[in-house]
Undergrad: 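Have a look at this one.
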Amino acid sequence: MGPPVLDQRLLRNDPTLITAPLARRGLATDLSGLQQLALEARDLEQQRSELQAEGNRIGRAVGERIRAGAAPGGEEVKELREQGNRIKRQVGELEEQEKGIEAQLMEQLMVLPNLPSPLCPSGRSEADNVEVKRWGTPRLAAEGEELQEHWQIAERLGIVDTERSVRIAQSRFVTLLGQGARLERALISFMLDRHGQRGYTEVLPPVLVNTASLTGSGQLPKFAEESFRCADDDLWLTPTAEVPVTSLHRGEVLAAEQLPLKYAAYSPCFRREAGSYGRDTRGLIRLHQFNKVELYWFVAPEDSEAAHEQLTLDAEAILEALELPYRRIELCTGDLGFSAARTYDLEVWLAGAGTYREISSCSTCGDFQARRASIRCRDGKTTRLLHTLNGSGLAVGRTMAALLEAGQQADGSVRLPAALVPYFGADRIGAG
RNA sequence: GGAGAGGUGGCCGAGUGGUCGAAGGCGCAGCACUGGAAAUGCUGUAUAGGGGCAACUCUAUCGAGGGUUCGAAUCCCUCCCUCUCCGCCA
């Protein structure tokens with residue numbers, strides 16, 4: 001019945017194998033109640049299927065009698081019918097109990113986050129994250145120079161209109177204009193082309209997704225308040241292309257030879273950003289709608305670790321091609337996202353703000369999403385859950401912010417990296 | 001949106017109440033035949049869950065969910081999807 005959410009065999013046999021890793025996330029969970037439920041569900045299923053077997057035997061017996069010449073409405077068959085009815089009633093009762101328990105089980109299991117990978121460093125919060133790599137030389141203000149933040153630059157150049165966007169939608173939306181719109185488009189094309197050259201299949205998915213899709217990748221049921229919903233339909237605005245791409249293969253069994261499947265999906269992303277009032281209200285950093293190119297891998301379980309490194313390198317390659325200094329941070333268990341088993345965040349240097357800001361988050365989800373979305377791979381005779389990975393490659397708005405701050409010139413213009421020139425059609429924005 | 005037709009295993013396709021998890025074909029795998037291959041023949045080929053060390057076995061699944069029945073792929077209801085025609089539309 002129902003989709004397997006967390007390995008229920010594990011839950012029945014040894015819940016400490018679940019609670020111990022969850023404790024590393026800072027979650028104190030007591031699964032003994034759930035374990036009881038799972039055992040109960042198993043026992044009920046056993047009872048029920050035995051009864052069903054008995055019912056099947058009776059049904060077959062009736063058929064045999066009738067074929068042997070018994071009257072379908074006659075005495076001989078009547079007794080069997082009554083037995084059949086009795087069993088049907090009992091099965092119905094058991095099924096009802098089973099459904100109740102199953103529902104409780106699901107309700108509680110679905111809100112448990114993924115178990116962190118053993119490789120994920122322990123820690124309580126952001127403060128315990130580990131920097132593993134730095135690339136490039138951050139631009140610092142020269143003597144007498146004052147570096148502006150991207151929203152100041154953008155406003156001055158007239159390439160973004162925040163105020164009129166409120167008229168169109170509400171706050172935390174932006175309208176890009178002129179060279180700003182063009183730069184956004186150039187960046188999307190640039191990223192997709194680069195990833196395409198590295199073996200990714202380009203994807204342009206639906207951005208309205210159904211409840212099953214959001215559940216499969218882990219956004220639902222727990223984070224409903226984070227997504228925009230279409231009230232009259234079973235559809236939501238996707239918060240990331242990770243959602244539709246996960247569901248691209250939802251319910252499938254993929255042949256081992258097909259793996260790894262590597263996708264680069266561009267999509268606009270929609271987030272309510274509930275609970276972030278007042279933070280990052282200016283500029284392109286925290287919007288209700290933003291563009292992102294997402295990298296996504298479906299891999300055999302034993303390949304996911306190497307895939308995680310490669311996916312992260314692929315995201316970093318974009319930053320390097322754009323000459324944007326960054327650092328790679330490995331998240332500790334306490335800072336891990338809901339679906340992730342292990343995560344590298346990439347933080348780009350924002351020269352105007354004088355700080356590193358997250359621009360990509362590259363995670364391996366192990367079999368967590370595969371279990372929720374039922375995605376398996378076949379090797380030989382057996383099938384097993386595969387592993388999924390995702391990472392931004394990159395968040396486009398934040399990339400633009402970094403470029404504006406990194407390339408700002410004394411004359412008010414912004415120099416763009418050489419790699420972007422063929423896409424943008426010029427080597428600078430503004431004056432000149 | 002209106003009218004009609006349909007959704008069966010990896011694919012095609014039969015099956016309108018009783019050993020149907022489902023004929024037949026294709027595909028695929030193994031074996032035989034061959035110098036090797038093709039052709040041919042034989043055998044095997046769904047998924048999930050439960051029990052068992054295992055051989056194996058039980059249950060469920062013919063778009064989804066309900067219902068009728070001792071028994072449903074087959075009958076009834078609701079929903080989803082696909083196709084054709086009409087309407088509308090970028």
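Predicted model, so just to flag it, every value in this text is computed and none were measured. Proteins get letters first, then strands, A, B, ... in listed order; numbering begins at 1 in each.
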Undergrad: Regarding Ser213(A) and Arg250(A), is there a side-chain donor-to-acceptor distance under 3.5 Å anywhere?
TA: yes
Undergrad: If rG41(B) has a Watson-Crick or G-U wobble mate with both distances under 3.5 Å, name it; if not, just say none.
TA: rC31(B)
Undergrad: Can you tell me the base-pairing partner of rA48(B)? Count Watson-Crick or G-U wobble geometry only, both distances below 3.5 Å, and say none if there is no partner.
TA: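 For rA48(B), the partner nucleotide comes out as rU59(B), under the 3.5 Å rule.
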Undergrad: Scan nucleotides 59-71 of chain B nucleotide by nucleotide, 5' to 3', and note B when protein non-hydrogen atoms come under 4.0 Å of the base, S if they reach only the sugar-phosphate, - if neither.
TA: SS-----S--BBS
Undergrad: State whether the number of non-hydrogen atoms from other residues, nucleotides or ligands found under 6.0 Å of Glu273(A) atom CD is greater than 12.
TA: yes
Undergrad: Between rC75(B) and rG15(B), how far is it from one P atom to the other, in whole Å?
TA: 13 Å
Undergrad: Watson-Crick or G-U wobble partner for rC70(B), using a 3.5 Å limit on both distances?
TA: rG18(B)
Undergrad: For atom CZ of Arg384(A), is the number of surrounding heavy atoms from other residues, nucleotides or ligands below 6.0 Å larger than 12?
TA: yes
Undergrad: Less than 4.0 angstrom from a charged side-chain N to a carboxylate O is my criterion; do Glu76(A) and Arg81(A) meet it?
TA: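 Answer for the salt bridge query: no.
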Undergrad: Rounding to a whole Å, what distance do you find between Gln258(A):CD and rG10(B):P?
TA: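 One finds 14 Å between P of rG10(B) and CD of Gln258(A), rounded.
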Undergrad: In whole Å, what is the span from the CZ atom of Arg376(A) to the C1' atom of rG49(B)?
TA: 11 Å
Undergrad: Which whole-number value in Å describes the distance from Glu252(A) CD to rA48(B) P?
TA: 14 Å
Undergrad: Going by atom types only, do Glu320(A) and Tyr326(A) share a side-chain donor-acceptor pair under 3.5 Å?
TA: yes
Undergrad: Using the C1' atom in both, what is the distance from rG13(B) to rG7(B), to the nearest Å?
TA: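 rG13(B) and rG7(B) have their C1' atoms separated by 14 Å.
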Undergrad: If the C1' atom of rA3(B) is compared with that of rU16(B), how far apart are they to the nearest Å?
TA: 25 Å
Undergrad: Rounding to an integer number of Å, can you tell me how far Asp43(A) CG sits from rG50(B) C1'?
TA: 10 Å
Undergrad: Ignoring backbone atoms, establish whether Thr383(A) has a side-chain N or O less than 4.0 Å from OP1 or OP2 of rA46(B).
TA: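 For rA46(B), OP1/OP2 do not have a side-chain N/O of Thr383(A) under 4.0 Å.
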Undergrad: For Glu257(A) and rC28(B), give me the distance from atom CD to atom P, rounded to whole Å.
TA: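 Going from CD in Glu257(A) over to P in rC28(B) covers 13 Å.
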Undergrad: Between rG49(B) atom P and Leu11(A) atom CG, what is the distance in whole Å?
TA: 15 Å
Undergrad: Roughly, in whole Å, what's the span from CZ in Arg250(A) to C1' in rA48(B)?
TA: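 Atom-to-atom, Arg250(A) to rA48(B), this comes out as 17 Å.
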Undergrad: Would you measure the distance from the P atom in rC20(B) across to the matching atom in rU59(B) and give it in whole Å?
TA: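 Between the two P atoms, the distance is 15 Å.
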Undergrad: I'd like the C1' distance from rA23(B) over to rC12(B), given in whole Å.
TA: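 Going atom to atom, C1' in each nucleotide, I get 14 Å.
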Undergrad: Just to be sure I understand the rule, does Arg12(A) reach a base, reach only the sugar-phosphate, or reach nothing, if contact means heavy atoms closer than 4.0 Å?
TA: sugar-phosphate
Undergrad: Please assess Arg271(A) against Thr240(A) for the test side chain to side chain contact (heavy atoms under 4.5 Å, CB included), listing each intermediate value before the final yes or no.
TA: CA-CA 9 Å; Arg271(A) 299 185 184 178; Thr240(A) 159; 3.7 Å; yes
Undergrad: Do other residues, nucleotides or ligands put more than 12 heavy atoms under 6.0 Å from the CZ atom of Arg24(A)?
TA: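 Correct, the count exceeds 12.
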Undergrad: What do you reckon, is CD of Glu96(A) surrounded by more than 12 foreign heavy atoms closer than 6.0 Å?
TA: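 For Glu96(A), atom CD is not crowded (no more than 12 foreign heavy atoms under 6.0 Å).
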Undergrad: Can you see whether Arg376(A) engages Ser374(A) through a side-chain donor-acceptor pair at a distance of less than 3.5 angstrom?
TA: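 Side chains of Arg376(A) and Ser374(A): pair found under 3.5 Å.
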Undergrad: Between Arg378(A) and rG10(B), is there a contact of a side-chain N or O with OP1 or OP2 at under 4.0 Å?
TA: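 Arg378(A) to rG10(B) OP1/OP2: no side-chain N or O under 4.0 Å.
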Undergrad: Now, which nucleotide makes the Watson-Crick or G-U wobble pair with rA3(B), with each of the two distances under 3.5 Å?
TA: rU84(B)
Undergrad: Figure out the CD/C1' separation between Gln47(A) and rG50(B), and round it to whole Å.
TA: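 Answer to the nearest Å: 13 Å.
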Undergrad: Using atom C1' of each nucleotide, how far apart are rG21(B) and rA14(B) to the nearest Å?
TA: 15 Å
Undergrad: Take atom C1' in rC62(B) and the same atom in rA46(B), then report the distance between them in whole Å.
TA: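 My reading of the C1' atoms in rC62(B) and rA46(B) gives 12 Å.
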Undergrad: Go through rU47(B), rG50(B), rU19(B) for me and flag the one nearest to the Arg42(A) side chain.
TA: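 Among the listed nucleotides, the one closest to the side chain of Arg42(A) is rG50(B).
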Undergrad: Pairing check on rU78(B): which nucleotide meets the Watson-Crick or G-U wobble criteria with it, both distances under 3.5 Å?
TA: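 Matched rU78(B) with rA64(B) under the 3.5 Å cut-off.
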Undergrad: For rG18(B) and rU69(B), measure between their C1' atoms and round to the nearest Å.
TA: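 Taking atom C1' in both rG18(B) and rU69(B), they lie 11 Å apart.
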